[in-house]
Each structure stands twice: as C-alpha cells, then as structure tokens.
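Data block below; observations after.
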Amino acid sequence: MGLDKLLVISAALFCCGLYAILTRRNAVAVLMGVELILNAANINFVAFSHYVSRVIGGQIFAVFVIVLAAAEAAVALAIFLRMYATTGTVEIDAADQLKG
Amino acid sequence: MIRYAYIIPLLPLLAFFVNIAVGRRLPRKGDWVSIAAIGAGLAMSIAIFFEVFRIHDPNFKYHIVYPWLDIGGRFVVKAGILVDNLTAVMLVVVTGVSTLVHIFSVGYMHGDPRYSRFFAYLSVFSFSMLGLVLAESFFFIYIFWELVGVASYLLIGFWFEKKSAADACKKAFIVNRIGDFGFLIGFLILYSATGVLGYDEVFQGISEGKVAGTLLTLAGIGIFCGAIGKSAQFPLHVWLPDAMEGPTPVSALIHAATMVAAGVYLVGRVYPIFTPDAFLVIAYIGLLTLFISATIALASRDIKKVLAYSTCSQLGFMIMGLGVGGFTAGLLHLTTHAAFKACLFLGSGSVIHAVHSQDIFEMGGLWKKMKITAATFIIATLAIAGVPGFSGFYSKDMILAAALEFGMRHPQHMIIFVVTLFTAGMTAFYMFRLVILTFFGKPRDHHKYDHAHESPPNMSVPLVILAVLSFAFWFKAPLAEKGWFEVLVPKPASAVSASFAVPANAGLSAEAPAGAKGEHDLHLAHKAHTIAMYSSVGVAGLGILLAFGIYMLGWVDPDKVAAKFPRLHDFLVNKWYFDELYEATAVNGTKALSRALAWFDLHVVDGLVNLCAQVAVWVSFLAGKFDNAVVDGAVNGVATVTIESGSFFRRFQTGKLYHYVYILAGGVLIIYLVKAF
Amino acid sequence: MGFIDRHILSLMTFLPLAGAAVILCMPKGKDNIVKTIAAVASFLPIPLAVRLWGAFDQTVAGVNVENQFQFVEHYSWIPSINVEYFMGADGISMPMLILTAIVSFLAVIGSWGIQKQIKGYMALFLLLETGMMGVFASLDFFLFYVFWEVMLLPMYFLIGIWGGPRREYAAIKFFLYTLLGSVLMLIVMLALYFNSINPETGGHTFNMLHYMQQSTHNAWLKGFDVRILLFLGLFIGFAIKVPLFPFHTWLPDAHVEAPTAISVILAGILLKMGTYGLMRISFPIFPDVTKWFVIPMAVLGVINIVYGALCAMAQSDLKKMVAYSSVSHMGFCLLGMAALTPAGMVGASFQMFSHGMITSMLFFLVGVVYDRAHHRDIDGFGGLGAVVPVYTFFVTVAFFASLGLPGFSGFIAEAMVFIGSFGPLKTFVIIGASGIIIVAAFHLWALQRVFLGPLNPKYAQLEEINAREIFCLTPLALMTLFFGVYPMPVLNLMNTSLVRLVDVVKMVM
Amino acid sequence: MHLGNLASLTFFLPELAVTATILLLILVHVAGKSRYSAAPALLSLAGVGAALLLVALQPASPGRLLFEGMVALDGFAIFFKALTALATIVVIFMSMESRDLAGRTQTEYYVFLLSVLLGMFLLAASTDIVMLYLALELVSIPSYLLAGYLKGKESSTEAAMKYVVYGATASGVMIYGFSLLYGLTGTTQMAEIGRALAAGKAPLPVFLAAAMVTVGFGFKIAAVPFHMWSPDVYEGAPTPVTAFLSVGPKAAGFAVLVRFFYTVFASPDAAAGMWKLPPSVDWTLLFGVLSAVTMSVGNLVAINQNNVKRLLAYSSIAHAGYMLMGFVLLTPAGLKAILFYLVVYLFMNLGAFYVVVLVANGTGSEDIADYSGLGRRAPFAAVSLAIFLFALTGIPPFSGFIGKVYLFAEVINRGVYWLAVVAALNSVVSLYYYARIVKVMFLEDPKESAELPVPAFPRAVLSLLAIPTLVLGIYWEPVARVAANSVRLLAF
C-alpha cells in the first residue's frame, strides 16, 4: 500500500466527515463527522511519518490528536446532554434562538 | 482751505455717531448737531469754492493721497481726496441743498418719534455723498456709492411701519445693487488692465493703450450701469418713484438734488474712459429715460410722483447730454437742477404738510393760503420748464444744443434731438399742470383747503433761498458769452486714443475737446446753439400754453382725452407696466429659482448619496424596503445603503449552525479557487 | 513674562482645557461658579492674543520656512515615529488665533442662559476651544490632525444635548460627515509621512514644513497623478469643513439645531478651518496640483456664492437663512484663493476673519429673537422695528455688514477677492459678483419681513435685547466696523505670509 | 539554543504558576466549601497576578527554545503572555461583579478561565505544530464550557453547542491542513517547515494546507468567513466570558497566526516584508480582501443590532479585520501595529464590556434602548463607556486612534491604498453604531429616573481601563517601543 492510496483514503474520509457535518442535523452525528475529519488527519500523519519523515513525529502527533479528540468529544457530548436537558432535543436546527 | 476739504464729510459722520448714540438725550433731540455739522461743511465748501474760483484755472486739481491698503506692494489702494473745479461746485451743491433740507426738516419732522434718528440718517447721507464727491479713485467712489445707497435705504424706509415704505426701501437698494454689479465689473476690468485705481492713473493707463476696444467699451458701460441704477435711468428707474415713500425732505435731498445726480457725476468724473460706442449707449439710455418718465408724469395724480418722474426725466436729460458730448451742459444741468428741483420738492413738502394729501386733484387754489410756497414753487417750475432767464433754460438749452450738434454731425442720430425737444415741451406742460392744479383754480377738497396754512419760517426760508438760486444770473451774467461754469468745468480730454478705438466707429467720435475746435466745429456749435435756443423756448411756451388752456381755461377736458385713449392712459398710469414686468420676470424668477434650488439642495444634493442608495435598494427590491429608504430622505442615504447592506449580511446569521459551517466550507473553497484560477 | 512668551501658543491652547478640568472637579449645583470659571478660562487667551499680536513680527513670512515661524514650540513627542509637538504662528494662522480667542469668549458669555447641565456644557465648550486653538497653532501634521478630530467630540455633544428639536440627527450627521473628511485626510497624512524624508534626520516626518520642500519627497510622491489624488483627498476633507457644494448639507442642519453659542462657533471658526487647511497644508505642499486645480476651485467657489445665496433666499427659517449665507460667504474665500494673486489670497483670508465676526453676530442675533419668540419663522414676525429698536439696530448693522456694505470688514474682503480674482478668473468673478445682488436681496427681504411693515400684534410686548447680549454683540460690531474702515492692522498680520504663499504656489513649474 | 526539558522549567515559571493555581483551586474546591464565595476569584487573581509578575521578570532572548524546541521564549511570547494575563485579571474583576455568575459554583469557572490562560500562554509561544495544536485545544475546550456556563439559560447552552461544533470542525480542518504540511516537509518544527518550504516547490498543496490552517486561526480570531459562531456565542455566553473571548483568545489567535505564518511563510529577509511562498498567489491581496471583508461585515451588521453585547460582538469582528491589516504584508512594522493595537484594544474592549456588565447588573438588560439616559443615571459609567466607544471608533485623543494609525501606516507605507480607504470608510461606518449607544445614553431622556449606583470598586477598575485608553492616546511611546521590541525578538 503506497502513500498515494493512503492519501486518497484520508481525503475520502475527510470529505465524508465534511459531508456529515454539512448534512446531518443531529448534533451527535455532526460530532462524528468531526471525528472522521480528525481521523483523516491521523491517517495522513501516520502515513507521512512512515513514508516521508522516517521519524516518529507524525505518529506522536496522531496520538495527541486522538487524545484531544477524546477530550473534545467529552466536552461536546456534555454540552449536548445539557442541551437535551433544557430543550429536549439535540437537533442543531432547533438551536436558532441566537441569530441576526 | 482746500487742504482741509477732507474735514467736510467727516463732520456729518461725527454728527451721525453722536446722534445715533445719544441723540435722543440731547437738547432738541440733537438736530442742531447735524445742522451744525452740515452748516460748517457748507461754509467750508463755499470757502473752497471761492478759492477755486479765484484761481480760475480750468485744469486746477488738488490731490491728497494716503496709503490705505497695502499688500506687500502687490496690491495697493490709496485713500485720498481730489478737489478740482467740478468737485468744488458739487461740494457747494451738496452741502447747500443738504443744509437747507436739514433746516426744512426741523419743521417738517417736528414731533416724529424718531426725530433724532432722522437727523442721524441725514448726516450719514451727507457724509457718504460728500465722500462720493471727494473720492479720488474708483475704489472709493464705489465705497461711497454703496453708502449713499444705504443712507437712501434707511431714509426711504424711515416710516417702516408703512408696508409701502418697507417695500420701497428694499426695492431701491436691490435695484441699485443691480447697477452696482455692473459698476463693480466695470472697475474690475479697468483695474485688471491697468493695475491702478485712481482716476488719473487709470486714465493714464487707458491712454497708454492698456485697455482698448470692446473691453474698454464694456468697462465703460459697466461703470455706466452704476449710474443707471443710482440715477434711475431706464431700465432701472423703477425704484425712484417708489422711493417717494420717504419723508419729503429726503425726497428733495436724495432723490432729487444729490444722490440721484451721483450717476451723472460719476459719468462726468470718469468721462475720459468712455469709447464712442459707450457714449452712444449712454445717450440712448438717457433719451429713453427722459421720454418714458416724462410721459408717465403726464398722467400721474400724486404731486410727489410727478416730481419724481420729472426728476427721472431731467436725469435723462443730463445723461443724454453727457452721452452726446455735452459734458459741461450735463453737469451744469445737474447743478441748476439741484436747486430748482430741491425747491420743488420742499415746496411739495410744504404743501403736503399743509393739506396732508399728495393727490393734486384734492388740492387747488392753495395760492391764497400759502403765498411763499406758491411763489417759490412757480419760480422753480419756470426754471424746470426752461423759460429764459431761469437757470433751467440756460442748462437745458446747452443740452439741446449738444444734442442737435451731435445730430448734425451724425444725421442718423438726429432723433435724439427731436425726442428731447418734444420732451422739453412735455416737461413744461406737466409741470404747469401740476402748478395749476395745486395752486390755482377752485379748491376741490374744501376740508383740506380750510386746514391748509403757510409753513413755518424754518420751512419757508429754505424755499426762498432755493427759489432765488433758480435764476440764471447766478451761473451766467446776462449777455455774457460764457458762464463761469462753462469756463471752469470744461470737457476733459478723452483718454481713449483714436488709434486704439475700433476703426469702424472712428467716424463717430464725440466732439473734439474744448480748445481744439476747428473753425468748422465752432461754426457748427454756434449754429446748433442758436437753433436749439429758439426751438426750446418755442416748445416750452407751447407746453405752458397748452397746460393753461386745458387745466385753467378748460379748452379740453383731460378726462375725456383720457377716456378717448383708454389703453394709452392705462399704459401711462401704470408706468409702462415696468413694475409688473419686473415682478413677473426678475423678482418672481429669482424667487422661483431660489426655491427650486433650495428644494434641490434639500432633496437632491443632500439626497445625492441617497440616490445611489435608492438605486441599490431598488436592486434589493425583493426586501420590500423601498419605502423606508425613500421616506428616510436626507443624507441618511449613505446610512441607508450601509444599514441595508448590514441587513443583507445579517441575514446570513440565521442562527442555524449548519449554515455557518456551509459558509466556512464555502470560504475555504473560495480561497482555494482564488488560487486555482 | 519669559515663560508666557515662550509658551504663549500652548497656553492659549491649553488654558481652556485646564478650565474644563477645573469645572469637572466642581461639585454639583455651583452653576454660577462654573460659568465664571468658564468665562475666565476662555477670557485668558484674549490677553495672550493681544500679546501675540503685539509681539508678532509682520515682516517675516513663515508659510514654508521653519525658522520664520514665531512663538515656536518644538519638542519631541513620540520619537519612534517622529511625531512632534510643534507649534508656531505665522501670518496665515495669526488672524485665526485672534479670532478664535475673541469669539470663544463671547460665545461663553452668550451661553450664560443655558440651564441644562451647565457643567458639562462648559467643560465641553472649553475642550472645543482647545481643539480650535490647537488646529490653528500646530505645524506638525499629526498634532494638527489630533486637534482637528478632538473638536468633533465636544461638538457632537454640544449639538446633540443642547440643540434644537432635531438635534440628534443634526449631531450625528455633522459627526459622520466630518469624520469622513478627516479619515481621508488621515490617509493622505500617512502617505505623505512615508514618502518624504526629514532632511535633518533622514527619517520620516510629520512636520508639515518638511512636506513643503519638494526635495523631501521621494519619486513616488513626485508623480503628478499621485499628487492629484493626495491633493483631492485633503481637499475633500477640507471641503466638507468649509463646506463646499456639494458637501455642505450637514451645515444647515447642524447650524439650525445647535444652540446659539455653538452655531456661533461653528460658523465663526469651524468653517474657517477648511479654508485654513487649504492655505496651511494643501497649497504649499501641492503647489503644482493647486495650479492645476484652480478652475475647479473657482467653479466650486462661485457655485457656493450664488447657490448658497439663492438657497438662503428661499429659507423661511431665519437661522437656516443665516446658515446658507455662510455657505455663500465661504465661497468668496475659495474664489479668492483660487485666483492665486496676493489680493485674492489676502482677501480670502480676510474674509475668513471678517466672516467669523459677522456671522457670529448674526447667529447671536437669531438666538436673541429665538429666546424670546421661541420660533424663527421669518414670516411669523413683522414690524419688530417699532418694538425693539436697539435689537433692530444691531440686526441692521449685522445684515448690512453681511451683505458686504462698505465700511464693514466684509466689503473689504469681498472687494479684494473680486479685485484679486478678476485678472485670472474673469468669468467666474462676474458670475460670483452677481451673488452680491442676491445676498443683498435676501438680507433685505428678511429684514423687511421681520422688522419693517406693520407690527405683528403678537409681539407688541417683545422684550428688548438685554445688556449681556449687547455685551456679546458690541465688540464684534465695533471690530467689523473698525476693520472695515481700516483693515491694515489685520492685513499687516497676514500680508507677508500670504504673498509668500502665492509666490510659493506660483513659482513651481 | 534549544533547552532540555529540565533546564526549560526555570523559564516556564509563569505557566507553572498558572498550573499550580488551577490545581490549588481544584484542591480547595474538593477540600470543602469555602466560607468566602470570593475565595476562588481572589485565589485566581493571586495566581494570575503572580504569573504576570513572573512574565514581566522573564528575560527575553531571541532564539531561546524550551522543551526541545517546542516552546519559544522570545519577546513576542512574553508580550502575549503579559497581554493575556492582564486581560484575564480584568475579566476576573469583571466576573466578581457580574450578577450573571453570582450564586453559581465559582471554582470551576475560574479553573476553566485559568486553563484557557494557560493555553494562551502556550499558544503564543509554541514553535511546533504539535504544541500549537495542543495549546489551541487547551484554549478552545474550556472556552466551550465557559460559553455554556449559565446552566439554566437556553441561550447559553445554545452558544456552547454552536461553539463546540464550529470549533471542533474548524480545528479538524486545521489539523488536516497540518497533516498536509507535515507530509510536505516531514517535520513538525515550524522553523524547519519554513526552511523546507522555501527550498521545495509544490505550490498548490502548500496553498491548500495554508488555506486549511487559516480556517483554524480564522476561527480563533473570528475573521470572516470563519466568524459566524462569534455573534451567537458572544450573545449567549455570560458577559465576562464574552469579554474574555473577544480579547484573550483573539489575541492568542493573532499571536499564533502571526507566529505561524511569519515563521513558515515569511521571507527570511524581514525588512523586505514579502511573502516568500507561492508568488503565483497575491497573498497580500488575499489577506487584504480577508481583512476588508471582515471589517466591513462586522461593521455593517453591527449597525442593525439592538443588543449591546451582540453589537460589541460584531464590533470585535470588525476589529479583527482592522488588525488583519497589519498582517497583510507580514512586515515587522505591520506586526508591531497588531501588537500595539491589541494592547489598546484590550483596554477599550474590556472596558466597554465592563460597563455592559455593570448596566446589566442594574437594569437586567442588554438592550440599547435600556441605556437611555444613562448619562444622567450613572454618569461615571456612561462617560467611561463613551470613552471606550469613541476609542473603538478611532477618534483622537483616545488610544484606539493611535492603534489605527499604526495599522493604516504600514498598509499605506507599502502602497496598499485601497485597503486603507476601505478601513477609513469602515471607521466612519463604525462611528454610526457606536455613536448610537452614546446618543441613547446622553441625548435621550432616561426611561427611569432612578440613579444606577456604581460602587467604588468597579469605579476603580473602570478608571484603570479608561485612563490607559486616554493616556495611550496622548503618549504611547513606551508601548510602541515594547511592541517594536517584541516583534524584533521573534524567534525564527
């Protein structure tokens, strides 16, 4: 498996993530889209680390991304939960009080 | 004494300040301050006159010049006075009439609530008029020119509670300003060409050819425009009759004897700058004026209006005289006219004072009640009618002679003489009509007649003095070849060198200056003089006779004549409809323009950006915000555009998160596309 | 005396500010003390101005020569970008400094009747005075700009809080309009800064006088197209202040809504800053463009004269009429300046000085009648001359002065403008001179409708002008009269400088 | 000079101080309820104060890199550390006053606040993209929580939700961009990335990477078109948090933007001030347009706002646009202008929000209409707010004007006149809405006549914000010098 293929996979993953973010109305699904993007980046990091850099900097970066994505997801889910508690829904369309 | 001539105007100025500040608290409300000032001026003027007379040099000139404005030597205006023979005469005329009017006013204005204010105004007028006479440069004559206008404004509007007076003073000032506009342009042309402002310096410049041809003609006509305004010449004559709303002494002083003559004086003063074309314009303007106003005077019922139109007409005589080359004649007529016209006006004042009416058809038979007034009035009328032996005859005859001489030289302009002669006859007619209706016949309004009385001495004495001055012998010893005026105020040499004149008009030059006349010229002049004298006596007699025939002996009933020519009569009574014409065109035109521009200012200029705004809003008509933006008006236009675009962008902020992310993605895309292409 | 002499311009500028600070420290309710402090703080510049006048050497020009400026105070302020505290006076600024001192003091006296929040009013007013003085005294462009803008804030509040019914609109309109002008100026200022070199230090400079030496400009700044754009940027900034057609529409609103004393300041001094800026900055820095721009300036000047006068004629609000008359009169300034002749330039400058006094009188007088009748509708009066003769007298004097009657300073100015401009700009002068007819017409028409004719019985009991108001008017009237009869004292102040200015502009190319 | 991990610690004292304070706060919270509700605030104040002091004492030296090249210790970092610490102190003061936050658990709030501060410290100093990403998330994640801190309030929750989704997306895009950069250069060290890029070609991928990274930074500084979250979040969040977000993270965002692009993309010849990267793209034009659009959108939309907080949110977008002007040319002078502007912006913007907090305490409203007659009801607060607003407009003699002059100056110096003109017109537009608040406060009569008392302490804080706003408008030489030095010391 060469670098090119990995990059294509990562690009596809990125697009899927972006597509999910743009089309999904459920906040959790949107969050999953974000996770896809982050993982697309991770694939890149690891791939580049392996094929280009030959040092493990990229792989370390990927680990960091995974950790931070987890933290981010935790915070995001907590916020969604609170939103569910106050409004009874996690549809992002429902949240349009603030506008203009 | 000549050295101190500058004091003469300053005295009345001082009196003005005293009276305006503390006049009401002074004994006799300060009238004596003004009278003393002008009286002292008169004394000084007479002294100067005799000094000049003793020198008896036609070319006598005395300058005093001080630096006044100096812009690093790049622009210099000097203040100063010029005393020559003409000035000396004018000083006497102005201070003399002014003094008599001051004295007359003591009686006439007695008991007026603004008595001291009146004398203050008289003083400021005297100051300005004397300043005008003494000025030695275009700049200063312009200054005093405006100042006499203001004094006239203040005095016409003295009884400002009357709407007519308030209207009249405004009209007088604005109409004069129109003339002044021309004056200003005229002297600007001269200044920009010669770079100097003093009369002599400018003449020098012109004779050096610094300005010539059409431009010089225009300059001359421009300056003459000032005279048209101030001397109530056609087409700016409309203010003068209205100006009779002022107190009668004012009419005598300003609107008969002095200020209105300033135009004539101006033309005389700057005589050397006029090109032949300019002279022709002057002559014809004068001609039109003298004829038009005389016809209007024929039909007028108001004693002061008749006199006003006669003044207009006489000023026309002078202007025309100057225009045809009768320099001395015009100015002499100015001098003689000052005396007899002041006398007439003061006399009318005396009459009005007595009967409290200005309508001559409500008078009649006043001869019995007010003998002094009547006698002096008749003397002055004889003078204005041009009866031999009186001053008016002497001067008017000279004007006629000049016109005839001009006509003989240039037969195509013979009409000037013909019309003038005819008008001289009309003058005699309407003046005697006035005299007869006022003083003779039966009283037509007995109530008014019964209350009539002779005026107090302080009013009648000035009348007498002025009447005495209306005789010819003051100006020319009987049978003398030439009067002193003719000797002392000869025609100045034209600065317009023939070589710079427009060749086409070279043949039309005015008569050559005195002393340079050839044999042929002398002969021509003599011949013209003889014809003019006889014909003028003839028409005067005819006019007087006709007046007596119609208004005393009842040969023809004037009302029937009027009824026979109703259109003509209406035309004359309505003063040729000049007021209506001006009202409809100039006045309403300006007002309409000003309103239009104000509207333009408020709605277009202020809304200019608004306009762009509206266009922008049209584009976004979908939003249906059009009304708001239009109603909003004003410069808010910018604001409108701004706010509208704000709303536009604001609509993106829907509150919906995925819209936001779309925009984010779109942003990246756009940035990327920028690169890609 | 030494200290005062060395810092006379700073003192004139900052004494009012000190007064404002003192006023702000006063406890509430001491209105009379506040007014007194304000009067003192605004009066102090007058003796200083007199001192200035006495000590001024009229024979040196200034304009673009640094060592010819007088009363110079030159300190470093922000060395890292070469901003300097640089003040000095020459013949261009002297009359304006004197005028500002006098008119400001009179305006404080004229504000005596203000009831609402007097403390804030006086403090803002004094701040405004500091701004005005500073503009006329500064020679560093940055400093100039700061003072220029500093005036906006107090003006906004003074109109907005103490103004008439539409005050909020007028205030913000004024503010936005002038800010628009000044941001353009800011851009030009920075462009000049970066493209010219201080010949002494080699660094960039904000010193106006350096910009006036073409040698300090770099190649870019020598390009004529660039210079035109920069000139226009400045010109629009100043034109808004003057205000020139079509940038004048803030003026009628601001003048009408502002309280009397502020209208006086607006018309009497603020408008002059536009023309002052052109003389001080635009002309000497861009002499070549100035010459190129003569005709447009003359056109604008003439439009201002005639158009302003005609608009004034159509107004039924007395104050608005006076406001438009200012538009007309400022046109004379521009026409005179456009001529680039000594007489024209001096005439323009003298018109600034003279109009400052005359229009101040006019606005004071409008305020007097408004205080009593509570309206300014010209047609709503009638025959007041019989009731209030003294007031009528002052109005007549002011109106005649305003319509350019000889004997008043306005005439000298206008005549000099005409005489100076006629040579190069004949047609424009002829059209412009027709303005004198319209100016006369609307003044007299208003005079007639308000004061002459039968008395409107509604105003039979109208109160006569009081001593305080007379106190405000008399000095102005006397000065107008005095300088109308003998203008040389003022002309001498500016002659040398303005002749130099003309030469500076004309010499190039 | 790269320092090892242990050796670095001595130069890491401010961060350590903040970290210690965070831990202490948690300890105190866990240990039991404090008797003083103000205790956590005071504790964090002490901690941040200490950090600020330590920052001030830190010797700045060019090229000193800590933790094996992860973190720089240059003047630039120190400048931003001081700036953000100062902002945090003011925000702590503000939070103590805010009635919004009263009665809620205080400790967590301050823990989040200080975490953000720590993140900002690291963000401003990070020289490695791993560190950068870590710091960025350290700033972001607690920010989400702060925005949603008002549990019961629906708008607050909504704000937090939008913030977290938008933020996560933005950082996701950014990290993808980082991965591309890493792939192109094979290193995570910014300086080396820069060197590698200077040597290499491949302009298009580089450009894609740069664009994606810009999303992350643009999100932090709220530049158009990545600004959409900010008005909603600013309105929904508690006011002190809004104030904090509009200054602190924004400043840090600028820091990282500048450091990243300057290190990676700027020409080593600093004086030339040219972008060294793909010349086929007019970077100046690109960022110029970004700047112009940002300020224009911010200003135009602000005009129609009726909520003061939301208005200030848009205004802060506009100010980001102004500050971007300093960035378009990547010259030291431009960067200096940004730094200077951030200093004055800190005072004037926090000051404006402070008054909003005070007024909301009194009236319970953030509507412009409820500010009517504030000039009479609370003159001190009203005058202060007027000063801040006019400073934001950029009118002398207030500091905002000087800030703008510096920003304009560099743009004009380099001949980008169109941007200067746009910015100038924007200033005029901005006056319109700032003056609208001033008008309501001073020119309109109060709806209620009751005075709004402003206690002595907030008064003092307000003065401390207003006086610099005024003084820096009259004498700003020291700050200008500091800003200039900070730029010069930027490690390469």
Side-chain angles (χ1 to χ4, degrees), chain B residues 20 67-75 77 114 117 139 142-147 149-150 153-154 157 160-163 165-167 169-170 173-174 176-178 180-181 184-185 187-189 191-192 197 590-591 593-602 605-608 634-636 638-639, chain C residues 169 173 176-177 245-246 248-250 252 307 309-315 324 341-343 346 383 385-386 393 396 400 405-407 411-412 415-416 418-420 422-423 426 429-430 433-434 436-438 440-442 444-445 447-448 451-455 486-488 491 495-496 498-499 502:
Chain B
I20 207 91
W68 181 60
L69 272 187
D70 184 354
I71 303 193
R74 306 268 283 264
F75 171 68
V77 182
R114 288 191 289 269
R117 179 67 56 95
F139 193 80
Y142 183 81
I143 287 180
F144 289 110
W145 193 258
E146 293 266 310
L147 286 178
V150 174
Y153 171 85
L154 293 171
F160 59 78
E161 291 91 343
K162 276 198 297 182
K163 183 169 183 321
D167 284 340
C169 64
K170 181 187 69 179
F173 195 87
I174 295 171
N176 266 304
R177 264 264 157 138
I178 296 172
D180 295 351
F181 167 63
L184 181 65
I185 301 300
F187 102 70
L188 286 178
I189 294 176
Y191 173 77
S192 71
L197 289 163
T590 313
K591 282 186 190 169
L593 179 65
S594 78
R595 275 193 300 271
L597 283 183
W599 182 90
F600 176 78
D601 200 57
L602 194 63
V605 181
D606 203 12
L608 195 68
V635 142
N636 300 345
V638 175
Chain C
Y169 170 74
K173 194 172 180 181
L176 285 172
Y177 236 125
F245 177 92
H248 65 284
T249 54
W250 63 268
Y307 181 88
L310 281 169
C311 283
M313 196 170 191
Q315 303 305 325
Y324 272 109
T341 57
V346 174
F393 169 78
T396 313
F400 275 111
L405 186 77
F411 168 77
I412 306 283
M416 282 173 63
F418 286 143
I419 291 173
F422 193 79
K426 287 197 176 50
V429 171
I430 291 175
S434 72
I436 66 167
I437 302 171
I438 310 163
F442 75 76
L444 295 183
W445 197 27
L447 196 64
Q448 181 200 10
F451 295 99
L452 311 185
L455 175 65
Y486 189 61
M488 279 320 280
L491 295 186
N495 276 348
T496 320
L498 291 176
V499 169
V502 170

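Residue numbering restarts at 1 for every chain, and letters A, B, ... go by the order of the sequence lines.
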- Message: Under the criterion ring pair (Phe, Tyr, Trp, His ring centres under 6.0 Å), I'd like the reasoning laid out for F173(B) against F400(C): C-alpha separation, chi angles, the key distance, then a yes or no.
- Response: CA-CA 11 Å; F173(B) 195 87; F400(C) 275 111; 5.7 Å; yes
Given that the side chain runs from C-beta out, which part of [X] has a heavy atom under 4.5 Å from chain C: side chain, backbone, both or neither?
X	value
F187(B)	side chain
L184(B)	side chain
F75(B)	side chain
D70(B)	both
I189(B)	both

If you count heavy-atom pairs under 4.5 Å with chain B, which of [options] comes out on top?
options	value
V502(C), T496(C), L444(C)	L444(C)
V429(C), V499(C), L405(C)	L405(C)
G420(C), G407(C), P252(C), G385(C)	G385(C)
G423(C), A343(C), G383(C)	A343(C)
K426(C), M416(C), Q315(C)	M416(C)

- Is any side-chain heavy atom of I412(C) closer than 4.5 Å to a side-chain heavy atom of L69(B)? yes
- Query: Taking C-beta and beyond as the side chain, do V346(C) and R74(B) meet within less than 4.5 Å on heavy atoms?
  - Reply: no
Can you say whether [X] sits under 4.5 Å from chain B via the side chain, the backbone, both, or neither, judging by heavy atoms?
X	value
L455(C)	neither
L498(C)	neither
S434(C)	both
F393(C)	side chain

Out of [options], which one racks up the most heavy-atom pairs below 4.5 Å with chain C?
options	value
I178(B), I20(B), L197(B)	I178(B)
F144(B), Y142(B), W145(B)	Y142(B)
N176(B), L188(B), I143(B)	L188(B)

Ignoring hydrogens, what is the shortest heavy-atom contact between [X] and [Y]? Give both atom names and the distance.
X	Y	result
P487(C)	W68(B)	CD-CZ2, 3.8 Å
W445(C)	K170(B)	CD1-NZ, 3.1 Å
L452(C)	A166(B)	CB-CB, 3.5 Å
F411(C)	F139(B)	CE2-CZ, 4.0 Å
I437(C)	I174(B)	CG2-CG2, 4.4 Å
P406(C)	L147(B)	O-CD2, 3.2 Å

